[in-house]
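Report on the structure given below.
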Amino acid sequence: MRTPSVNLRRVLAAVAVAVAAVPVVAWSYQAVTRPPGTDDGARVYCLAAERRADLVDAASALGLASASPTDGQLRWHDRQGGPDQWRQDRPADFDRACLALISAAGRAGGGGGGPSPWATLTPSLVLAAASAALAAWFSHRLATVGVRRAEADTLRAAARQYRLAVEPLLRHVEEALPGLLPNPEEIRRGRQELASRLRAVADARRSWGLPRRLATALDERPDGPLYDAPRGSAGADLRSTWVQHRRTELNRLEAEVGQVAQAVESPGVLPGRTPAGLR
């Protein structure tokens, strides 16, 4: 399979960034358009005894409530009460009037007013940083897809070559053929090559435990199945059981190497996360 062209990589990266940036854009929009609320400091300021009359005036000016004949109290809908009761009953209206009062006081005092520029600038900065990070990450993933595929294919080929070297030995034992056991040097070379490929994967990905365990097991017995292969006049049952066990080991080894190769080729969405089966 050929590596995607540069233009295709760019298109895929742009699409990936656009898709991944949707949640960030939505969050930024909500952060900008969300009605402001009051914090504890604002509530203390607006509910201070000397400012309650001003708060009533602000609510009246905004059409959120009207002044009650009783000083410092408001009337809203079919209810009447003080600012504390109004805040509990109509918190959004209270927040609006309180913020308007604080803004008006700031303008009157020469301290400016309105929301801080950071309130609208921060979401834009977050969006820009997130988009740049996503673009860089997806670009890196696409740029290295060919390298990762080649590494995975080499690993699979080493496992396949080792199995091809062992199969003649298994047939020799199973059929009780005369002569020396076949392919001893090919078995050793195949085992060493596979162990070397697995170590390279483990060295590049320190958190992956499986490739290191497989390489260690291969290194511990460089002769592989040669070390206990039945010889001479071994009975048919012994030969059959031995061949069955060795084939089971080969199948397991090839499956686990395939699992490592798949993880190398497709490491997943989250960078740095160790696949569950490789820990």
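What you see is a predicted model; the values in this text were computed from it and never measured. Computed from heavy atoms alone, side chains included, the values below leave out hydrogens, waters and symmetry copies.
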Minimum heavy-atom distance [X]-[Y], with the two atoms named:
X: Ala152; Y: Ala261; value: CB-O, 3.3 Å
X: Pro275; Y: Ala263; value: CG-CB, 4.0 Å
X: Arg160; Y: Glu254; value: CA-OE2, 4.1 Å
X: Ala202; Y: Arg212; value: O-NH2, 3.1 Å
X: Gly82; Y: Leu74; value: C-CD1, 4.0 Å
X: Pro178; Y: His172; value: O-CE1, 3.3 Å

Measure the [atom1]-[atom2] distance between [X] and [Y] for me, rounded to the nearest 0.5 Å.
X: Arg52; Y: Gln73; atom1: CZ; atom2: CD; value: 9.5 Å
X: Leu62; Y: Leu101; atom1: CG; atom2: CG; value: 10.0 Å
X: Asp93; Y: Cys98; atom1: CG; atom2: SG; value: 12.5 Å
X: Cys46; Y: Leu99; atom1: SG; atom2: CG; value: 7.0 Å

Using atom types as modelled and distance alone, determine if a side-chain donor or acceptor of Ser240 lies under 3.5 Å from a backbone N or O of Ala236.
-> no
Do Arg51 side-chain atoms and Tyr45 backbone N/O form a donor-acceptor pair below 3.5 Å?
->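 Checked: pair present.
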Under the rule for side chain to side chain contact (heavy atoms under 4.5 Å, CB included), what residues qualify as partners of [X], not counting sequence neighbours?
X: Glu50; value: Ala48
X: Ala234; value: Pro230, Leu238, Arg239
X: Glu186; value: Ala165, Asn183, Arg189

Donor-acceptor pair between Asp89 and Trp76 side chains, under 3.5 angstrom =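 Checked: Asp89/Trp76 side chains pair up, N/O donor to acceptor below 3.5 Å.
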For Leu169, what are the other residues in its hydrophobic cluster, where any two members join if their side-chain heavy atoms are less than 4.5 angstrom apart?
-> Leu155, Tyr162, Val166, Leu170, Val173, Leu181, Ile187, Leu194, Leu198, Val201, Trp208, Leu210, Leu214, Leu218, Leu226, Trp242, Val243, Leu250, Leu253, Val257, Val260, Val264, Leu278
Trace of the salt bridge (Lys or Arg N to Asp or Glu O under 4.0 Å) decision for Asp84 with Arg43 = CA-CA 10 Å; Asp84 294 293; Arg43 285 191 287 273; over 6 Å; no
Salt bridge or not for [X] and [Y], using N-O below 4.0 Å?
X: Glu265; Y: Arg148; value: no
X: Arg246; Y: Asp228; value: yes
X: Arg213; Y: Glu220; value: no

side-chain hydrogen bond (donor to acceptor under 3.5 Å, both in side chains) partners of Ser68, counting only residues at least two apart =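 Counting only residues at least two positions away or on another chain, Ser68 forms a side-chain hydrogen bond (donor to acceptor under 3.5 Å, both in side chains) with Gln80.
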Within-4.5 Å side-chain heavy-atom neighbours: Phe94 and Leu64 =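 Contact flag for Phe94/Leu64 side chains = no.
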From the list Arg191, Gln192, Arg199, side-chain hydrogen bond (donor to acceptor under 3.5 Å, both in side chains) partner of Asp219 resolves to Arg199
Just grab all the salt bridge (Lys or Arg N to Asp or Glu O under 4.0 Å) pairs involving residues 164-180, residues at least two apart or on different chains.
->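 As it turns out, the salt bridge (Lys or Arg N to Asp or Glu O under 4.0 Å) pairs with a partner in residues 164-180, which skip direct neighbours, are Arg163-Glu167, Glu167-Arg247, Glu174-Arg247.
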